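A short worksheet on the structure shown next.
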Amino acid sequence: MHSNRQVKPPTGVENAIYCNFISKDEKNLIVTKATELTVYRILRNPEVPLAKITESNGEEKRKEKLEQVATYQLACRVVAIQAAPLASLGRDALLMAFADAKMSVIEYDASTHELKTLSMHHFEEEELKNGYLTNPHLPMIQVDPDFRCAVMLIYGTSLVVLPFKRETMGDDSDAPVHYSSRPSYLIKLKETDELLANIIDFQFLHGYYEPTLVILHEPVRTWPGRVAVRHDTCRIVALSLNISQKVHPVIWSQSSLPYDSLQVLAVPKPIGGIIIFAVNSLIYLNQSIPPYGVSLNSITDWSTTFPLKKQENVNLTLDCCKAAFISNENLVISLKGGEIYVLTLLVDGMRSMRGFDLSKAASSVLPTCVCAIEDKFYFLGSRLGNSLLLKYTKKAGDDTNGSAKVEPPAKKLKSDDKIDFLEDPEELAVYGKEVETSGNQISAYSFEVCDSLLNVGPCGNMVMGEPPLLSEEFHSNLDPDLEIVTTSGYGKNGALSVIQQTIRPQVVTTFQLPGCLDMWTVYGPSKKEGSTKVDGELTNPHAFLILSKEDTSMILRTGQEIAEVDESGFSTQASTVFAGNLGNNDHIVQVSPMGVRLLKGVKQLQHIPLDIGSPIVSCSAADPYLVIMSQQGDLILLTLTSEKQGKGHRLSIQKPQVNQSSRIIAITAYKDVSGMFATSSKSQSKMATTTGSNKGQKDDTSEKENKQSTVDDEDELLYGPTEPKLMAETMKESTREQAPETDAQRQTEPTHWCAVCRENGVLEILKLPDFAPVFLVRSFSMAHRLLVDSVVITTSSAEQQQQSHEMLPVVKEILLVGMGSKKSRPYLMCTEGDHLKVRFKKVSHDILMREKKKRAKKGTKMETDELTERSYRIKRLRPFNDVSSYSGVFVCGRYPCWLMMTSRGALREHSMTIDGPVTCFAAFHNVNCPRGFLYFNKMADLRVSVLPTHLTYDAPWPVRKVPMRCTPHFIQYHAESKTYAVVTSTLEPCTNIVRFNGDERELEEVERDDRFVFSTKDKFLLQLYSPINWDVIPNTKTEFDISQHVTCLKIVTLNIEGNMRSLLGIGTGQIYSEDHITKGKVYLWTVKDEALVGLAFIDTQLYINNAISIKHFVLISDIHKSVFLYSIRRNTELWRCIEYVDNPSAGRGNSLSLRRNKIEKSKLIDMFKVYDAKPLEVYSCEFLVDDSQLGFLASDADKNLIILHYQAEARESYGGTRLLRRGDINIDSHINSFVRIRCKVVDMATGLSIGGQFEKRQIAFFSTLDGALGYLIPMSEKTYRRFLMLQNTLTTSIAHVAGLNPRASRHLQQGQKTLSNPHRNIIDGDLIWRYTTLSITERNELAKRIGTNADQILDDLMDIER
């Protein structure tokens, strides 16, 4: 029994559209990444990090950025996506297609921030499959440009038509129009035209009275080797769709098109028609207008007879290209090599095509999808590199005499993102010419990178290695702290991705300070104007470090050295409850249990003794306000005001009149700069006329009214539209609908608020300084799905609430903080019991702060944990700003973590468990620790640390991409030399033919004209890299012959002359042509003095694509014959080596053979073989270690994970000669690599051994071609049974996005029918983790259904996660 879970989401972009999804007043960019759908908006005036402003001397250019609005996880991969105005309130709905033949129509639900399914269409009946067991045709969707219908192609033979109904809301011609969908129906293409088969592409045409669909297909297929006999086999057919009568006549057709036609692109009005993209040509077709085509290279001279003109100064191919129109006559074409061309259509007055102008505009990433965006933007989505947001500029014409003028290369396209290596040296150099002829102006375009989306896929080969820059303080940890290194990208986008699961701080120094309970860092008074700045001096560093002990406080001055301040106005004879800055960081306030001090530097300006019946236990600041809470729940408001004479500042004290029906137990003050918190009627009327937001959207809800002010819609849904994260975290984000505003409109006056949580579970938001209640939520600690403003509590309801509040979880701390770009996203966080609750637009997260509840033996008293007892009144939620240019909240506790958000708008959660529990935290900006931080661990060590800047933390896991500018294939970590061996390849044109004269090889040069496009071939290279700076180690470069194809790279340990040595083994295959025998070689290398020394090679010929070993077992996977297990034991000491190499004639194969000089093979070894008798196209394999049991894991071409076992006593094993399948699950992504690592044996929070079911188990990590990471972990039968019941209950108890059934999505997929049933036995961890998003009531109800309790399920999840 095992559990599978995806721990890092996919990053490769596959589809992109631009539509009004969130609001009718602002368009969004929708991208899909395998099973993830993400919504972005364009941030026009983003916030520039302080570090970049400092480095550029304040001249950092503000470029438009993509801000993430929402993200949603789906159960299946999105194959195709389109938009249509079918949603309410003028928004667009999404039409998403899924394999094999499913389509869902969804819209954004502003009241819940979730996706709402409007309709589902399922066409997977057996009769539509025409008897085929497999379906190679993925569904395709197109929408009519006039929004009359949508069409989906299924199985390559049928069309699903979804008609739209258009309704005008009123009699006025300007009245709004509403669209709705009608029942769908099916069209079988064979009944329309007998030749309609082998569909290649289809599009709707512009400007037709009825929806007109043009279909590109190939009635009789051919291939390049048969072009001499059969060519020009493609054809187009235009169907007119009469939706009302369901009649679809053919109104136009064109045959004898080039056989290599790839796609169709409809030309918008007023030109109209279509453009057909072929590999070697470009053709324009329109009804009743003569066709026009151009050849892009000389291959068309013999591959087609279609009349084509030569396109001058062009030599390229269009295979794998993507194109989109940016105007009526201009379209951008992105080629497979990343080149960007602008195609201009030259037409005359009769709409006849006169010619094409094709000019190179830029060089960028290798595209998967493209999307033209309004306001001169162009999105380039890629699965092979980072996706880019480009901004293009049309250059004005200077040449008026009609002569061509070549522009000089423009400024290179360069991203200001940290990962800006995707562009080649001549990246985005602009070429162009300006010609004025016959009314057509040909203009040059320049492209500039505005933003990029990080992509670590496709992950081909993955290994684990030791981090090179780990601080000495963490070397003694029993659990190895490893990092994952995987190959990413292709071609010039090739890179190595270094991924870490947790944050590892770089420790500058450590101090032993026992007895410290809390700490704060504060700024000193700002320098006077006109004072000179010393070279190397930091801007606005922290001046003092305040440490609080049990009964005293320590004040330290921070500078070149940290020294204690002897005489100052600070209070040192009592502990400190809070310390911070007020008055734009010019004043310091120190709060002790019995008083408050106001200081400027070390000089005390004011001391206010406070005797309110109980000591002060909590405090929160929102400049210029300071809210203080006593132990009895009384509140005091202090305000920083200027003296009447203007000579200084003072704190004014106020005792607010707050409802005392229930004691206040937690407070937080908040300064809102987003303009989202407003109670005035003016703001209400303004917001009533606007919709759409840069921060998310919500529908109107009930409005709370009182005599003084009213609460508008945004306050009523202040924290509502999010999914509760029950056990793990719950963060609420305040969002509303508003129209896109200009920068001047966004400059709102800051407002101040205070959120309080009462003992009876009520959450209130009060307006400062008068403490007027404006928002109230009952049973806040129950983590309901929506937190909406409640009506005023009546006496009876208050009594009922008082009686039931003892059953509610206790809220210990709340924090209201602004995050994201310009702090414009308010988030409410709370700690409840021993675990954090965070809610962020229903985004799932993995932070678990909960501890297992220990059970005391009967008659004994449970020991009180010192950390838990002393930290009740110590803040665990610590906001920070500009820690290595990142801002967010640090969560202290036994399992500390970082919550970060940049202008990207995505909440990132990174744990930091490497140093155990963290008791307190503070940001620290110092000359010796610029933009760093301080924290205390459980051993009372004060760590002065910084975040490693070579990593990017605005990602699901900390990651670093190392540019290779070539395709990485294999990577291995050599532990002895602590280096990485990497095999890469570059594409080189193949300009010769290999001839053999006996054993001699001769190269015959091939002469072709200048317009001929040569094929390419991989040339492989082996190099060693140092993980410190990822530079190539000198003297380690080994080039292979262009005919040698490297198929594998392994680190093997062999006994050489009595010594066990780690060698580098490489398998190659020599590939020439189908007329010559393919041969393979194995090379063995040793790393000596940082140089590669060749040892041996052996010729082999076998058909294996992967081989791994553990002890005397060798697991081998075949590309067609599933897996084999060999048990190999030594017979004598003559055992020499294990080798495996490739036979490329089988595609991807390796072999295992045992040899030994002058001694027969049978005397060397005893070998026993078992195998899987069922066919399986294996991609990769790995061992599964579960205590004393050994299993075998394989991934296949159908995206399945399959577990096999060797059970000789089972009848199905045929006497122990066959492996038995014992588990399977489909993860909808191809897996090429596994790594295996031991489960953790020590709990970093306690330092004790974990033991139990995971003590002798190993976890198998895998990476996918989509850039995702996941794991498969064994579990006990009791835990498995509990999770299985929970999985079945969740399948039927919670709503699923787009109506997709997670159980059906994880079902085993097979290309052919077999005589066995799926075994399952693998838990869907992604579905199980959705249990943490439920409210406490829902959790308890589901747990009760399966006969357990919520605490037990949470403990099981924690055991797996940690």
Side-chain angles (χ1 to χ4, degrees), residues 80 100-101 127-140 142 151-160 186-205 212-241 248-266 273-287 290-308 317-321 1013 1015 1074 1311:
D100 286 332
E127 61 182 17
L128 296 177
K129 299 180 181 180
N130 295 326
Y132 289 98
L133 299 178
T134 60
N135 174 31
H137 305 282
L138 294 177
M140 302 164 58
Q142 296 295 341
V151 170
M152 179 175 68
L153 175 69
I154 59 174
Y155 301 113
T157 58
S158 303
L159 293 178
V160 176
L186 193 70
I187 302 176
K188 292 186 178 182
L189 295 177
K190 282 287 187 180
E191 298 177 357
T192 304
D193 190 333
E194 294 182 354
L195 297 178
L196 272 176
N198 305 321
I199 309 299
I200 300 174
D201 195 11
F202 68 98
Q203 288 282 346
F204 278 98
L205 296 178
T212 303
L213 192 69
V214 60
I215 302 175
L216 174 64
H217 67 110
E218 189 177 14
V220 181
R221 287 183 174 179
T222 186
W223 62 292
R226 195 170 171 77
V227 168
V229 178
R230 180 182 296 162
H231 54 77
D232 296 342
T233 55
C234 289
R235 176 175 178 258
I236 64 163
V237 173
L239 300 179
S240 180
L241 304 182
H248 316 295
V250 176
I251 63 173
W252 173 40
S253 65
Q254 175 76 47
S255 58
S256 299
L257 297 176
Y259 80 98
D260 54 0
S261 300
L262 296 174
Q263 57 178 304
V264 178
L265 193 63
I274 60 171
I275 296 178
I276 296 181
F277 292 84
V279 175
N280 305 302
S281 58
L282 200 60
I283 301 173
Y284 173 80
L285 298 175
N286 200 345
Q287 190 177 11
Y292 178 84
V294 296
S295 65
L296 305 177
N297 52 61
S298 62
I299 299 178
T300 56
D301 295 344
W302 60 83
S303 65
T304 180
T305 58
F306 192 89
L308 300 172
T317 59
L318 296 181
D319 50 322
C320 302
C321 74
V1013 178
S1015 60
E1074 58 186 11

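These numbers come from the heavy atoms of this one structure, side chains and all, not from hydrogens, waters or symmetry mates. Sequential numbering from 1 along the given sequence is applied to the chain's residues. The structure presented is a predicted model; accordingly, all values stated were derived computationally and were not measured.
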Inter-residue atom distance His231.NE2 - Asp260.CG, 0.5 Å rounding: 12.0 Å
Closest approach of Ser158 to Leu186 (non-hydrogen atoms, all atoms of both residues): CB-CD1, 3.9 Å
Test item: Asn280 and Pro258 side chains (from C-beta on) under 4.5 Å apart, heavy atoms: no
Exceeds 12 heavy-atom contacts within 6.0 angstrom, atom CH2 of Trp302: yes
Point-to-point distance, once rounded to the nearest 0.5 Å, from CG of Asp100 to OH of Tyr132: 14.5 Å
Point-to-point distance, once rounded to the nearest 0.5 Å, from CD of Gln203 to CG of Leu213: 8.5 Å
Side-chain touch Val229/Thr222, heavy atoms, less than 4.5 angstrom: no
Salt bridge (Lys or Arg N to Asp or Glu O under 4.0 Å) partners of Lys129, counting only residues at least two apart: Glu126
Contact check, side chains of Lys188 and Leu128, non-hydrogen atoms, under 4.5 Å: yes
Closest non-hydrogen atom pair between Ala278 and Leu318, with its separation: O-CB, 3.3 Å
Any residue meeting side chain to side chain donor-acceptor pair (under 3.5 Å) with Thr317, in chain and number order, not counting sequence neighbours: Asp319
Closest non-hydrogen atom pair between Thr212 and Ala238, with its separation: CG2-CB, 4.2 Å
Polar side-chain atom of His137 near backbone of Leu153 as donor-acceptor pair, under 3.5 Å: no
Separation between CD1 of Ile200 and SG of Cys234, rounded to the nearest 0.5 Å: 4.0 Å
Heavy-atom side-chain proximity of Tyr155 to Asn130 below 4.5 angstrom: no
side-chain contact (heavy atoms from CB on, under 4.5 Å) partners for Ser255, two or more places apart: Arg235
By side chain to side chain donor-acceptor pair (under 3.5 Å) - contacts of Tyr259 (at least two apart): none
Rounded distance [0.5 Å steps], CD in Glu191 versus OG1 in Thr157: 10.5 Å
Partner set under side-chain contact (heavy atoms from CB on, under 4.5 Å) for Gln263, not counting sequence neighbours: Asp201, Phe277, Cys321
With Thr304 via side chain to side chain donor-acceptor pair (under 3.5 Å) - residues at least two apart: Asp232
N/O donor-acceptor pair under 3.5 Å between Ser240 side chain and Ile251 backbone: no
Nearest atoms (heavy-atom pairs only) where Leu308 meets Ser295: CB-N, 4.0 Å
Working for side-chain contact (heavy atoms from CB on, under 4.5 Å), residues Thr300 and Phe306: CA-CA 9 Å; Thr300 56; Phe306 192 89; over 6 Å; no
Side chain proximity check, Asp193 to Ser253, heavy atoms < 4.5 angstrom: no
Value rounded to 0.5 Å, distance of CG in Leu285 from CD1 in Ile276: 4.5 Å
Leu239 side chain near Val250 side chain, heavy-atom distance below 4.5 Å: yes
Partners meeting side-chain contact (heavy atoms from CB on, under 4.5 Å) with Ile187 (sequence neighbours left out): Leu159, Val161, Tyr185, Thr192, Leu241, His248
Heavy-atom pair of closest approach, residues Leu262 and Cys320: CD1-N, 4.2 Å
Validation row: Val1013, Leu296 side chains within 4.5 angstrom (heavy atoms): no
Ser298: side-chain contact (heavy atoms from CB on, under 4.5 Å) partners, not counting sequence neighbours: Asp301, Asp1009, Arg1011, Phe1012
Partner residues of Asn198 under the side chain to side chain donor-acceptor pair (under 3.5 Å) criterion, sequence neighbours left out: Arg221
Closest approach of Ile274 to Tyr284 (non-hydrogen atoms, all atoms of both residues): O-CD1, 3.3 Å
Any Leu189 side-chain heavy atom under 4.5 Å of Ile215 side chain: yes
